Amino acid sequence: MATVIKAQRNPKDYEGLKPVWCPGCGDFGVLNALKKVLADLNIDPKDIALVTGIGCSSQISSFLKAYAFHGVHGRLLPVATAIKLMNPHLTVIGAGGDGDGYAIGLSHFLHAVRRNVDITYIVMNNQVYGLTKGQASPTAAFGFVTTSTPQGTRERDVDGVKLALAAGATFVARGFSGDVPQLVRLFKEALQHPGFALVDVLSPCVTYNRVNTYDWFRENILNLDEDPEYDPTDRVKVLTKIMTLDRIPTGLIFKDPSSKPYSRLLLKDPDNPPALEELRVRPELAELQEQFV
Amino acid sequence: MATVIKAQRNPKDYEGLKPVWCPGCGDFGVLNALKKVLADLNIDPKDIALVTGIGCSSQISSFLKAYAFHGVHGRLLPVATAIKLMNPHLTVIGAGGDGDGYAIGLSHFLHAVRRNVDITYIVMNNQVYGLTKGQASPTAAFGFVTTSTPQGTRERDVDGVKLALAAGATFVARGFSGDVPQLVRLFKEALQHPGFALVDVLSPCVTYNRVNTYDWFRENILNLDEDPEYDPTDRVKVLTKIMTLDRIPTGLIFKDPSSKPYSRLLLKDPDNPPALEELRVRPELAELQEQFV
Amino acid sequence: MSEVRVNDLSVRIGGQAGDGSLTTGDLLAKALKRMGLWVIALKDFPSRIRGGHTNYTIRAKDAPIWGPGNALDFLLAFDMESVEIHSGEIQPGGVVIYDNSRGEQVPDSLHAKGVHYLGVPLSNIARSELGLELMKNTVALGVLAELLSLDDTIFHDILASTYGRKGPTVVEKNKRAFDLGRRQAAQAPKPPYRITGNGENPKRLLITGDEAIGYGALAAGCRFLAAYPITPATDILEWMAKYLPKYNGVVIQAEDELAAINMAIGAAHAGARAMTSTSGPGFSLMTEAMALAGMVEVPVVIVDCQRPGPSTGLPTKTEQGDLNHAIFGAHGDFPRIVLSPANAEEAFYLIAEAFNLAERFQCPVIFLTEQLVAMSKQTIPPLDLSRITIDRGKLVREPVQNNEEWPFRRFAITEEGISPRPIPSVPGGMFIAKGSEHLESGAYSESPKNRTLMTLKRMRKLERAKEAVPPPVLTGDPTARVGIIGFGGTYGPILEAMEMLAKEGITTKYLRLRTLWPFPAEEIRRFVQESEIVFVVEQNATGQLRGLVERCVGPQEKVESLLKFDGQPFKPLEIATRIDALLVGPERVPARANRARR
Amino acid sequence: MSEVRVNDLSVRIGGQAGDGSLTTGDLLAKALKRMGLWVIALKDFPSRIRGGHTNYTIRAKDAPIWGPGNALDFLLAFDMESVEIHSGEIQPGGVVIYDNSRGEQVPDSLHAKGVHYLGVPLSNIARSELGLELMKNTVALGVLAELLSLDDTIFHDILASTYGRKGPTVVEKNKRAFDLGRRQAAQAPKPPYRITGNGENPKRLLITGDEAIGYGALAAGCRFLAAYPITPATDILEWMAKYLPKYNGVVIQAEDELAAINMAIGAAHAGARAMTSTSGPGFSLMTEAMALAGMVEVPVVIVDCQRPGPSTGLPTKTEQGDLNHAIFGAHGDFPRIVLSPANAEEAFYLIAEAFNLAERFQCPVIFLTEQLVAMSKQTIPPLDLSRITIDRGKLVREPVQNNEEWPFRRFAITEEGISPRPIPSVPGGMFIAKGSEHLESGAYSESPKNRTLMTLKRMRKLERAKEAVPPPVLTGDPTARVGIIGFGGTYGPILEAMEMLAKEGITTKYLRLRTLWPFPAEEIRRFVQESEIVFVVEQNATGQLRGLVERCVGPQEKVESLLKFDGQPFKPLEIATRIDALLVGPERVPARANRARR
Ligand SMILES: Cc1ncc(C[n+]2csc(CCOP(=O)(O)OP(=O)(O)O)c2C)c(N)n1
Ligand SMILES: Cc1ncc(C[n+]2csc(CCOP(=O)(O)OP(=O)(O)O)c2C)c(N)n1
Ligand code: SF4
Ligand code: SF4
Ligand SMILES: [Mg+2]
Ligand SMILES: [Mg+2]
């Protein structure tokens, strides 16, 4: 197909509809970083499949120019997985909220990890359900008070990063919307990783979360990228480290250099995407009848 | 209610319908151990709520005498959670297969862990879907060949034990159907734990799994109960240990002595179970109207 | 239309989400209600947090109302977009009050005939005189009060009670804002309205359907709610989260709707009255477990607050498009009961009845409501808790005598199809609650004969339920030639349309279904037979209720669909006009000949 | 009944699950098929692995057959339980062969009139002469062959090809077992049967519906299947897992059915033909995503192999109880197409057409079949791949010209409701596939006007689809007074019942629906109108198809439900008898007066 390849793209080339997020919402940081990375990697918007769930964060699929799929709550990963398998040429990005990914979508998340499907999954983690006006999400701390938990939640918070590591993830990172340059680095590495890449992004909800604010995060995060000693390739050490921290680790947390992507494992001819096949009825298939004779 | 309390019960008192499992199925070990423990703890069958999903293993709810609930595939934990909350006097046991718990039910499993609801959850882990005739379950090793994976699975196996630990579980154990005495010890401790207790049981499917046999397990497990040095109360050390083992750990893997059960956290008056309340319309509720005037 | 309009007033407040128009609206609604009027406050907000146009319509009348009026009398516009969008709906004699702080002007093209445009520098006043732009809301309230010559006292009282917990300074500031607004409007010509109320204030409530459902459930002894947040059902979860724990109940925000309904089933199995609440997408996710409840005969109440579908649809708007799913969704045959309330008042009593029906017939009860009813604040008479009864059906809480047998025959095949239901911990009652086909004991069975008998047993419950469920309500002149059939929140608009038609000499009758399943086939048949033309009024695209009617009477030329599926509730006029259009001649009889055969 | 029965034979093999009767049955079925007969092999197995009674029925006839016969001719019983359960079904002249290795005897109480009982020490022979008890199966086969005077050659050939890969010793052993069986039966009296076949063996296939669906999908270009194991649909997953990867396709065993359908939707969105397959419980779980596919207009094929519900029901038995859900399940209104094949042969061609319809109308297509069709091995003529066509509808694979605009108007409101569908990577085609209500571009919109137009656009597709979907098939005498309506696997039993009735002088006609939605209302109306009595034959408890018929014609005295919901397929006689019972007089006309009004 004849496409005009621009020499180098810039973030403007990925501009979608005007975001309707609250001013100051952390998700702006994700959007901006993503546009920058896609431009840096010079990926044609038409070759991007951006798949989102439901939530404030998931609206990002309208704000970035790409082939967008805005599906149902919690099921973006199955959709994204299949898109990648049917067309490995595409850059497939899944993006959604912490409710979307760690509550209703938790099972799909860990099964996508198991499959090590070569997509990037961005979770905009704000400890609340933004779109439904501020109920506690699974990452809200024990005791967090919201309209649905007036006495404070009575459930321990889950950490997507730890779960991903325990489930055998090959790429795990965490960013912070208040640090876009780091996000750019993390997204870039995630997009280039040959396997499933989780980037959990601490992305404050300025409207419904008055506890986990930008300032609160600044005080409570520990940027592992700044630690020259830190070795992100040893799963056990990594897990030990982050389980013992009293702060929230950010940065490139873990990366398995030997990762093999699912699409290559599954497809007989990954270079000829099934999605692009010119379908016709193949007469030779008639031979398969022999087994029934 | 006037019930005749027997001095001491014995396993026969819990005998249910005749099991229809294949001769030699690992699930017999679980059933026998469970009957023994319940007798040892002298729990009246009427005070047991046994909740199961769907699968060979889940049929256990017919083979043990109790108040049984045989629900749908993968959703036994939500059912069990609510039963416990509405009647904390009951001993609530959830039991099912690895497909039930770690495939379709994975999300509920980890959310039950987060809630630390005071029930015991037994997973009969045979690496296959027994009832549907032998497809790979999520605990099947990479490459495992079955009818649904003729080229071998292309997904890493998940380990419920690791995930539970990463999700903050307060009690994690693993047994082996070939070692009933150990199962008895583990079940006993699990049933007495004031919180969510996972017992993953290696329970061979003699019909569809020709790889992970009794003998195979005997060669591949490491019984931590036999290690006097092992400290099951330090989550990080535990996780480090089991992540580095080249064998499958069994025994009491982890226990948080400070665990507080969910039912006590949620119910205002846990000693008066809502399920047993004599319902009547309370006139004082009329006062709540004031807020709408 | 220059005569003075008495006691029927529609005020819309428009602005950007987060502008505070909801608060203003609530204050106004409360004030009008306290004056003794019947008020409804309708939210029309975007499904996103900021930067979207939102509006709130307050309607007040000296008679009960349950939906929007035909036109607006006042528009309070915090931005020009609001004027643009809503100007066309203002009727002659009405007023548009707009913020002209930045010199905004209403362009001539938007000027509607007979409408008065009043620019007030609302934000400027709020900022300069009160130091807080958000106070423009209260200023605007003052403007309104002045134009309508409303009394200060009630407003001052309400400001005091609303802002009381923020301290006396805030209260005082708000009173000042209100007075400033009044003063601003003192010179403007008074529009032709008279709002008096009837002076009485019989402690009426201003309550949403969601709140009424939560409250009614609590009153009926519900002790367990598991739900996942979703508009427009979230308010049930939030209301109950606040109150249920006080009564030793539990509210769980589940990880998803699959968990929510399975939890509710577990709680009900344990012996508590249990419920789950959701909207379309979540309701679809509950499908499998609904069938489970049908099979294990667990009494569970499922509230579905409908919004436009399919899929995510329009999360904050209204529709009645889940009717088919409520009745026919899920694999296999099992009994279920589907109820639907007309408004918040009925929701309160009907949800209580839902628990009785669930326990009497040991099956899932689906409580079908819709955004209009669920989220609008409605004025209702005080609720009478003594009208609620509790009937737990064949629940067994005492030890089962002479029963050493195990398993207990929980699914005994009885004549009426209902069997004794012991709960865990009852001696002698142990059984297997099995989701597969089972014998009377709950033990699995593949016997064809047993399968047949068990299926018939379950379905027989529905036959019995037919006599126990709330029958349809007939309103209007029973001898009228023109009939209307509807359910749920079309109630208010239909009643008003009937009044409008009556004024034109067209008498109508209206059959309102409170029970959608088992379907009141006999009543429908009779009603259709006794009408010359029947309008099936519903808010969906395919005429789902009409489809049910056709099962009873077949496709008939005289049955007309009156559909609306744009996310907005019906206006009375829309219904009246469309009915009127199909009647001809001085006698206003059905224009059969003119209508094409479907 | 002592005349010789020619070429219609039913043999049942009964024993404990795991006894090996499936293998024996398969060998016998193959042999009979190779003789030129039409064979169907029906599994009736328990939903557990061991220790449950299981049986396998092989029926062979010299004409096409798609269901069980009315009675059994032979019973091969590996245990006494089998004799107990099935003895009553053997017709006079038939034979029960039972294993009497441990001295078992058939009690007198079980002896049926005219049935011959033949004890053979099957296990003993197998153990002592062949050293392997499991070989009793092949011994039994020899007994059967001898009693029916069947030729050795075909059996020896089949044993060789079946056991070939286990080595020549195993083959030889099996041949010996067969011969031993023959010898054992040599003295027994020959029962009154003649099995000849027509000598021809035109390469007919012995194939299950599941296999045919997998094969047909592959042939139609399906490149993606995501599914979760569930009886009776698992065989589709397993067949495709074997073959799809060879054609650069992918089969994923998903973590659950929610994932499975969302994966299929993703694959279809990407541009591949994609499918998911399941049964009742999984189908219910797919409800939410089905609505998503409707809203984003993604062509996805959903196969539902029905089994008795609700909930887990009877996992290994047959039923047609998901019809309502297929048509009315899920929240909100959206277009969908529901197809149902009569047998494996039609399944092959119809599934291929399902992909065309899905892509032409850009909506979910539900392929409704049932355990009887899905899991029975059926003899069908060779499949003709040239009958399959591929029509991808408005798929856009070429760069969109002159389109720098973004988003592309993927949901353009067209007259027919269908819009161009570019796939990711097509230049200029980028759009937002949105599950909420949207503009033509896919951008979110709450505009009431747009909502109305978009809903109508989507629903218009269904109007168009009406002309494209496979119309009902009319069989029998079009002028007959007695009509039958049915769908799916009741096909075979109905055809045979019609033959039986014809023999008694009752002519009938039969309208078989291949498309259940959009419902063929006009055809139904005409058919009912032109019949004096109409039987709606279906396998569920509430008459789901009848309900649809009533939507078209209203409740009519002349429409009768003929239901079966015990998990077993209809026998021709059951249908014939129940029809016969409602006809009276020498003319066999509908006994209207005798029937009570429903
Ligand atoms: C099945 C289903 N359940 C519930 C909802 C309602 N809902 C919309 S967004 C949302 C949660 C949003 O939280 P999160 O995923 O954290 O995203 P955020 O808005 O915080 O970015 C919910 C529950 C839905 N759309 N679908
Ligand atoms: C929703 C749903 N999907 C699929 C099935 C079919 N099914 C029955 S049991 C089972 C898996 C059993 O595996 P596991 O949970 O490991 O139990 P096991 O039989 O191995 O003990 C499946 C997929 C079902 N009953 N319900
Ligand atoms: S509500 Fe929170 S998450 Fe949603 S847009 Fe506003 S700030 Fe962002
Ligand atoms: S199939 Fe496997 S898991 Fe099932 S009963 Fe037999 S041995 Fe046990
Ligand atoms: Mg969030
Ligand atoms: Mg298993």
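All figures in this text were calculated on a predicted structure; none of them were measured in a lab. In what follows, chains are A, B, ... by sequence order, proteins preceding strands, each numbered from 1. Any value given below was found using the heavy atoms of this structure, including those in side chains, with hydrogens, waters and symmetry copies removed.
- For the pair Arg282(A) and Glu277(A), the salt-bridge criterion is met [side-chain N within less than 4.0 Å of a carboxylate O].
- Put simply, of Asn272(A), Leu267(A), Asp47(A), Leu266(A), the one with the most heavy-atom pairs under 4.5 Å next to chain D is Leu267(A).
- Ring planes of Tyr215(D) and Trp239(D): tilted class, angle from 30 to 60°.
- For Lys377(D), no part lies under 4.5 angstrom from a heavy atom of chain A.
- Arg204(D) contributes a side-chain N or O that, together with a main-chain N or O of Gly36(D), makes up a donor-acceptor pair within less than 3.5 Å.
- Between the side chain of Asp118(A) and the backbone N or O of Pro194(A), no donor-acceptor pair lies under 3.5 Å.
- Residue contact with chain A, scored on non-hydrogen atoms closer than 4.5 Å, involves the side chain of Tyr243(D) exclusively.
- Screening residues 253-263 of chain D for side chain to side chain donor-acceptor pair (under 3.5 Å) gives His108(A)-Glu255(D), Arg115(A)-Glu255(D), Ser148(B)-Gln253(D) as the qualifying pairs, with residues at least two apart or on separate chains.
- Of the two parts of Phe431(D), the backbone and the side chain both hold a non-hydrogen atom closer than 4.5 Å to a non-hydrogen atom of chain A.
- Contact annotation for Gln291(A): only side-chain heavy atoms (C-beta onward) come within less than 4.5 Å of a heavy atom of chain D.
- Residue Ile104(A): no heavy atom, backbone or side chain, is found under 4.5 Å from chain D.
- Judged by a 6.0 Å distance limit and a 45° cone about the ring axis, Arg273(D) is not positioned over the six-membered ring of Phe224(D).
- Chain A forms more heavy-atom pairs under 4.5 Å with one residue of Gly221(D), Ser436(D), Ala352(D) than with any other, namely Gly221(D).
- With a 4.5 Å cut-off on non-hydrogen atoms, Ala220(D) touches chain A through its backbone but not through its side chain.
- Looking at Tyr262(A), the atoms closer than 4.5 Å to chain D (heavy atoms on both sides) all sit in the side chain, from C-beta outward.
- With respect to chain A, the highest number of heavy-atom pairs below 4.5 Å among Gly428(D), Gly249(D), Pro424(D), Gly435(D) belongs to Pro424(D).
- Ion pairing between a basic and an acidic side chain is recognised when a charged N comes within 4.0 Å of a carboxylate O; Asp271(A) and Arg264(A) show such pairing.
- In this structure, the portions of Ala286(A) lying under 4.5 Å from any heavy atom of chain D include both its backbone and its side chain.
- Tested against Thr52(A), the residues Ser61(A), Ser58(A), Ser62(A) include a single side chain to side chain donor-acceptor pair (under 3.5 Å) partner, Ser61(A).
- Only the side chain of Glu290(A) comes within less than 4.5 Å of a heavy atom in chain D; its backbone stays farther off.
- Each of Leu50(A), Val79(A), Leu85(A) has some count of heavy-atom pairs under 4.5 Å with chain D, and the biggest count is that of Val79(A).
- We find that Lys65(A) and Glu15(A) are not joined by a salt bridge, their nearest charged nitrogen and carboxylate oxygen being 4.0 Å or further apart.
- By the 30° and 60° cut-offs, the orientation of the rings of Tyr102(A) relative to Phe109(A) is tilted.
- Ranked by heavy-atom pairs shorter than 4.5 Å toward chain A, the options Ile261(D), Leu383(D), Ile265(D), Val250(D) are led by Leu383(D).
- Chain A forms more heavy-atom pairs under 4.5 Å with one residue of Val251(D), Leu292(D), Asp384(D), Thr379(D) than with any other, namely Leu292(D).
- Atom NZ of Lys242(D) has 12 or fewer heavy atoms from other residues, nucleotides or ligands within 6.0 Å.
- Contacts between Leu90(A) and chain D at a heavy-atom distance below 4.5 Å involve the side chain alone, from C-beta outward.
- Rounded to the nearest 0.5 angstrom, Tyr14(A) OH and Lys36(A) NZ are separated by 11.0 Å.
- Proximity to chain A is limited to the side chain of Ile252(D), based on heavy atoms less than 4.5 angstrom apart.
- Of all the listed residues (Thr389(D), Val298(D), Leu258(D)), the one sharing the greatest number of non-hydrogen pairs under 4.5 Å with chain A is Leu258(D).
- Contact count versus chain D (heavy atoms, under 4.5 Å) is highest, among Ala49(A), Pro283(A), Pro45(A), for Pro45(A).
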